[in-house]
Amino acid sequence: MPIFHPAKEKDVTKAIARSFLRQLEDYAESDVIIVGAGPSGLMAGKALAEAGLKTLIVERNNYLGGGFWIGGYLMNKVTIRAPAQQVLDELGVPYQEAEEGLFVADAPYACSKLIAATCDAGVKFLNMTMVEDIVLRDDNRLAGVVVNWTPIAYLPREIASLDPVPLEAKITIDATGHDACVVRRLEQRGLVKIAGEGPMWIEKSEDAVVEHSGEIYPGLIIAGMAVSAVYGLPRMGPTFGAMLLSGEKAAEAVLKMIKGTAA
Ligand code: 48H
């Protein structure tokens, strides 16, 4: 006596194709596109979807979470400085206080809880999808991104000369970490300058990243390590509080622009 309900092979394919294409058609236009599903992008997405905005996260890897999965030096632990442990409390992630105001948590636990909370909030994801360019309107406003399947970028041009497709959004967030991929497309056109990440100085870095998170160009907001890269701020190594709070600050900036209110 079989346990599972019968299903035809063709119906499995049809179910996946229909669901994917419906979602792609729907999200060809979003309120917000976030590029990068690391900690800052996920936090921004969670806050924006909770506030009712149609939010899409584009991620070039098949997995979500960026550098938040593994923390420092392949040791599977992340550190968080006060007051950002409040985010761990909200997500239900256990942690220990290693030193006064310095907390340590299991990276996979923290990352999976953040991913789940972002999904619960209603964010949709396009993974294995790489942002390779931007949509710029002649009023000099970023109006979306241009994407292609990630594997295409790793194949020789002779067999993978394939045009990308555009996705529109009212606001885009560059949360691509050290690469600052979206801002780099503006820099290539002489529209902004990227200072390049500074050396490590934990005590200075985290406040500075949160402080500088926000609009960098009309229609474009930056969050996370992309902020360090753009403004030449010090880096902070495997401590993630600023990534979480930077994502929240980016979301507040979006909400002010779209709804005229803070989160
Ligand atoms: C689609 C892309 C593209 C692209 C990149 O690196 P992340 O974890 O980013 P943040 O800023 O949220 O967190 C940074 C943190 O992980 C870190 O590295 C820290 C704290 N470092 C400190 C230090 O001193 O080194 O995630 C960025 C995500 C990744 O998942 C990328 O795959 C993705 O963005 N991404 N997705 N199109 N062109 N470029």
Side-chain angles (χ1 to χ4, degrees), residues 33-47 56-74 76-81 84 87 105 107-108 110-111 114-115 118 125-134 144-154 164-167 172-188 196-206 208-210 212-213 220-251:
I33 291 176
I34 299 167
V35 188
S40 66
L42 291 168
M43 282 297 289
K46 174 178 164 306
L56 177 70
I57 298 188
V58 179
E59 168 55 53
R60 72 179 168 194
N61 292 334
N62 62 348
Y63 66 92
L64 311 171
F68 204 36
W69 275 116
I70 209 156
Y73 194 63
L74 288 182
N76 255 4
K77 300 276 182 185
V78 287
T79 56
I80 305 270
R81 290 199 289 150
V87 176
C111 194
L114 177 55
I115 293 168
T118 309
F125 293 92
L126 261 188
N127 50 348
M128 284 296 263
T129 300
M130 193 147 163
V131 167
E132 56 170 59
D133 209 344
I134 49 177
V145 294
V146 179
V147 301
N148 215 332
W149 304 111
T150 299
I152 295 300
Y154 295 93
V165 293
L167 301 170
T172 300
I173 298 179
D174 185 344
T176 59
H178 301 264
D179 297 344
C181 287
V182 185
V183 184
R184 231 163 262 288
R185 296 293 167 267
L186 288 168
E187 190 190 38
Q188 284 163 354
E197 208 169 82
M200 196 178 293
W201 187 358
I202 290 178
E203 270 184 29
K204 282 269 173 211
S205 60
E206 294 206 273
V209 165
V210 178
H212 287 81
S213 302
L220 179 63
I221 282 174
I222 48 174
M225 279 313 282
V227 178
S228 303
V230 168
Y231 290 107
L233 306 176
R235 58 191 296 188
M236 70 292 293
T239 188
F240 285 79
M243 301 300 106
L244 303 173
L245 299 191
S246 166
E248 280 185 342
K249 181 146 183 240

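These numbers were taken from a predicted model, which means no experiment stands behind them. All ligand and atom numbering here is 1-based and tracks the order in the structure.
- Minimum heavy-atom separation, Gly71 to Pro238: C-CB, 3.9 Å.
- In plain terms, the two heavy atoms of Ala153 and Met130 that are nearest each other are CB-SD, 4.1 Å.
- Taking each heavy atom of Phe240 and Gly67 in turn, the nearest pair found is CZ-O, 3.4 Å.
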Atom pairs, nitrogen or oxygen, ligand 1 to protein, under 3.5 angstrom:
residue	atom	partner	partner atom	Å
ligand 1	8 (O)	Gly67	N	2.8
ligand 1	11 (O)	Met225	N	2.8
ligand 1	12 (O)	Pro39	N	3.4
ligand 1	12 (O)	Ser40	N	3.0
ligand 1	12 (O)	Ser40	OG	2.8
ligand 1	18 (O)	His178	NE2	3.1
ligand 1	24 (O)	Arg235	NE	2.7
ligand 1	24 (O)	Arg235	NH2	3.4
ligand 1	24 (O)	Met236	N	3.4
ligand 1	24 (O)	Gly237	N	2.8
ligand 1	25 (O)	His178	NE2	3.3
ligand 1	25 (O)	Arg235	NE	3.4
ligand 1	25 (O)	Arg235	NH2	2.6
ligand 1	30 (O)	Glu59	OE1	2.7
ligand 1	30 (O)	Glu59	OE2	3.1
ligand 1	32 (O)	Glu59	OE2	2.7
ligand 1	32 (O)	Arg60	NE	3.1
ligand 1	32 (O)	Asn61	ND2	3.2
ligand 1	36 (N)	Arg60	N	3.1
ligand 1	37 (N)	Val131	N	3.0
ligand 1	38 (N)	Val131	O	3.1
ligand 1	39 (N)	Arg60	NH1	3.4

Compile the donor-acceptor pairs under 3.5 Å between side chains in residues 172-180 and protein atoms, sequence neighbours left out, one pair per line.
residue	atom	partner	partner atom	Å
Asp174	OD1	Thr176	N	3.0
Asp174	OD1	Thr176	OG1	2.6
Asp174	OD2	Val182	N	2.9
Asp174	OD2	Val183	N	3.0
Thr176	OG1	Ala180	N	3.2
Thr176	OG1	Cys181	N	2.8
His178	ND1	Glu197	OE1	3.2
His178	ND1	Glu197	OE2	2.7
Asp179	OD2	Arg60	NH1	3.4
Asp179	OD2	Arg60	NH2	3.3

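- Minimum interatomic distance between Leu64 and Ile115 (heavy atoms only, all atoms of both residues): O-CD1, 3.4 Å.
- Between Leu244 and Ile80, some side-chain heavy-atom pair lies under the 4.5 Å cut-off.
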